[in-house]
Amino acid sequence: MEKKIIEMLEEVMEVDEGVLTMETELESIEEWDSISKLALMAEVKRNWNKKLTVESLKSFKVVKDIYDFLV
């Protein structure tokens with residue numbers, strides 16, 4: 001599951017495979033912008049049937065925070 005979520009995030013942010021780890025700080029990634037955040041919201045709704053709010057997005061500091069939200 002961890003690998004699947006990281007692959008999804010790499011696709012959403014349009015970064016190369018292997019760039020993200022569970023410890024990657026989101027603010028250190030140039031591609032973690034408003035477009036990526038909107039794409040993540042849509043992806044989460046479609047594939048996990050969960051609602052991701054702006055407040056939740058603001059609380060995410062590292063990739064593991066997103067992982068924890070989804071599992």
Side-chain angles (χ1 to χ4, degrees):
M1 182 67 116
E2 180 179 317
K3 183 177 179 179
K4 178 182 176 186
I5 291 172
I6 287 178
E7 287 173 353
M8 179 271 297
L9 288 171
E10 288 172 338
E11 187 175 319
V12 163
M13 291 186 219
E14 299 179 354
V15 297
D16 293 334
E17 185 178 326
V19 167
L20 300 179
T21 67
M22 293 297 264
E23 296 80 29
T24 302
E25 292 182 13
L26 296 168
E27 293 303 320
S28 72
I29 305 165
E30 184 177 327
E31 294 81 3
W32 181 242
D33 57 15
S34 57
I35 294 171
S36 291
K37 291 172 185 174
L38 286 173
L40 178 61
M41 291 172 92
E43 192 74 18
V44 166
K45 178 132 178 104
R46 183 174 340 137
N47 293 314
W48 279 272
N49 203 28
K50 291 187 175 194
K51 183 173 182 175
L52 186 56
T53 65
V54 173
E55 291 305 312
S56 295
L57 282 170
K58 288 180 181 178
S59 73
F60 297 152
K61 302 298 180 207
V62 294
V63 170
K64 186 172 184 322
D65 294 336
I66 298 172
Y67 173 84
D68 289 344
F69 175 83
L70 294 174
V71 293

Hits for side-chain contact (heavy atoms from CB on, under 4.5 Å) against E25, two or more places apart or cross-chain, chain-then-number order -> S28, V62
Would you please test V71 and E2 for side chain to side chain contact (heavy atoms under 4.5 Å, CB included) and show each step?
CA-CA 9 Å; V71 293; E2 180 179 317; over 6 Å; no
Is the number of heavy atoms from other residues, nucleotides or ligands within 6.0 Å of CD1 (I35) greater than 12?
no
Practice prompt. Mark yes or no for whether D33, through its side chain, and S36, through its backbone, hold a donor-acceptor pair below 3.5 Å.
Written response: yes
(request) Could you check V19 against I29 for side chain to side chain contact (heavy atoms under 4.5 Å, CB included), going step by step and ending with a plain yes or no? (result) CA-CA 10 Å; V19 167; I29 305 165; 5.8 Å; no
When rounded to the nearest 0.5 Å, the distance separating CD1 of I5 from OH of Y67 is 6.0 Å
Taken to the nearest 0.5 Å, the spacing of K37 NZ from L26 CG works out to 8.5 Å
Worksheet item: Does the side chain to side chain contact (heavy atoms under 4.5 Å, CB included) test come out yes or no for L40 and I66, once each step is laid out?
Response: CA-CA 10 Å; L40 178 61; I66 298 172; 4.0 Å; yes
Value for NZ (K3) from CE (M8), rounded to nearest 0.5 Å, stands at 14.5 Å
The side chain to side chain donor-acceptor pair (under 3.5 Å) partners of S59 (sequence neighbours excluded) come to none
For K61, is there any backbone N or O sitting under 3.5 Å from a side-chain donor or acceptor partner on E27? no
Mind listing the side-chain donor-acceptor pairs of residues 44-54 below 3.5 Å, one per line with the distance, residues two or more places apart or on another chain?
residue	atom	partner	partner atom	Å
R46	NH1	E43	OE1	3.4
N47	ND2	E43	OE2	2.5
K50	NZ	F69	O	2.8
K50	NZ	L70	O	3.4
T53	OG1	S56	N	3.0
T53	OG1	S56	OG	3.0

Contacts of E11 meeting salt bridge (charged side-chain N to carboxylate O under 4.0 Å, His left out) (sequence neighbours excluded), chain-then-number -> none
Under 3.5 Å, is there a donor-acceptor pair between the side chain of E14 and the main chain of E31? no
- Do V15 and W32 come close enough that some side-chain heavy atom pair is under 4.5 Å? no
For D68, the salt bridge (charged side-chain N to carboxylate O under 4.0 Å, His left out) test, sequence neighbours excluded, returns K64
Contacts of D65 meeting side chain to side chain donor-acceptor pair (under 3.5 Å) (sequence neighbours excluded), chain-then-number -> none
